[in-house]
Amino acid sequence: MMEDDQDIIRLLRPGKDGQKAFRLLVSRYGERLYWHVRKIVIGHEDADDVLQNTFIRVWQGLGDFRHEARLYTWMYRVATNEALNFLQEKRRNVHGHSEEITGMLEERLEGDPYFCGDDIQRELQKAILKLPERQRLVFNMKYFDDMKYEEIAAVLGVAVGTLKATYHAAVQKVGQSLKLSDTIII
Amino acid sequence: MHEMNDKYEQKNPFTVPAGYFDSLAGRLAGKVKRPSRRARALAPFAGWVALVAITVLVARWGFTGAGETPAAGLDADFNPTREEILEYLALETDLTLLSNAIME
């Protein structure tokens, strides 16, 4: 979020090198957006699909991008929506049961060949998966991505005070889950 | 939360296949194609153009009765040579009638 996006925006003007702008966009933000999406959908293949859709949407929507928001904030919002839509689609396939989605994501976590964490980290991820969607998003953005409340507020369109309460509740629930699983005592 | 941070020092437990991020820009660049400025400008009118085109087609179909079987016409592939035409006329023409007509 520190970077100045003016160079990318300049390259997007008519007559400039659009492909170069796109590559710059991906190399600057692709990895960070990937990790954000990955923590929502868990599996690498799914994260890859969602990331592709995110960049396609970003590219198609750049003409409508309003410069009052930061480019990265806007892209983060697009990625979040794409990831949530992906889960929504999965939920629709299991007749709307969110518990089944949580179970599916846990299974994915268990069998994920691209998970290098230990048992404690796996239990933490499972505890996060049990959170309601909004709490899970806020927890991931705050705890893993180290985002400021103001930045999260800009992405999710929620007041900072609400976010603080949401994060606090999420931390309590994660702590309770870990205590119950006897994995760790916070 | 500080305790939690200490315990989970290595926060991100996920990995990706080797070289995934190195090839990301190239792979994605091949999948996206931004519509040209002209195409984006014309996009809002595309619906109207399609509507007019369909209306014209429907009206034309209604007036000309395009649903009827077309009348048999000349076969475009039928292109006989001069010799073939003369041979056809020789076989088909009643030469007796022709000679009588000349005599009269």
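Because the structure is predicted, anything quoted here is derived from the model rather than measured.
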Anything under 3.5 Å between a donor and an acceptor, one on a side chain of residues 107-114 of chain A, the other on a protein residue two or more places apart or in another chain? List them.
{"unit_1": "A:Arg108", "atom_1": "NH1", "unit_2": "A:Asp46", "atom_2": "OD2", "d": "2.1"}
{"unit_1": "A:Glu110", "atom_1": "OE2", "unit_2": "A:Lys126", "atom_2": "NZ", "d": "2.3"}
{"unit_1": "A:Asp112", "atom_1": "OD1", "unit_2": "A:Tyr114", "atom_2": "N", "d": "2.8"}
{"unit_1": "A:Asp112", "atom_1": "OD2", "unit_2": "A:Arg38", "atom_2": "NH2", "d": "2.8"}

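As a member of the Ile/Leu/Val/Met/Phe/Trp/Tyr network built from side-chain separations under 4.5 Å, B:Val52 groups with B:Val56.
By the 6.0 Å contact criterion, CZ on A:Arg77 is enclosed, its count of non-hydrogen atoms from other residues, nucleotides or ligands being greater than 12.
A perpendicular orientation is assigned to the rings of A:Tyr149 and A:Tyr167, their planes being inclined by more than 60° (bins at 30° and 60°).
Looking at A:Phe22, only its side chain comes within 4.5 Å of chain B, counting heavy atoms on both sides. The part of A:Asp146 that comes within reach of chain B is its side chain, from C-beta onward, which places non-hydrogen atoms under 4.5 angstrom from that chain. Both the backbone and the side chain of B:Phe14 have a heavy atom closer than 4.5 Å to some heavy atom of chain A.
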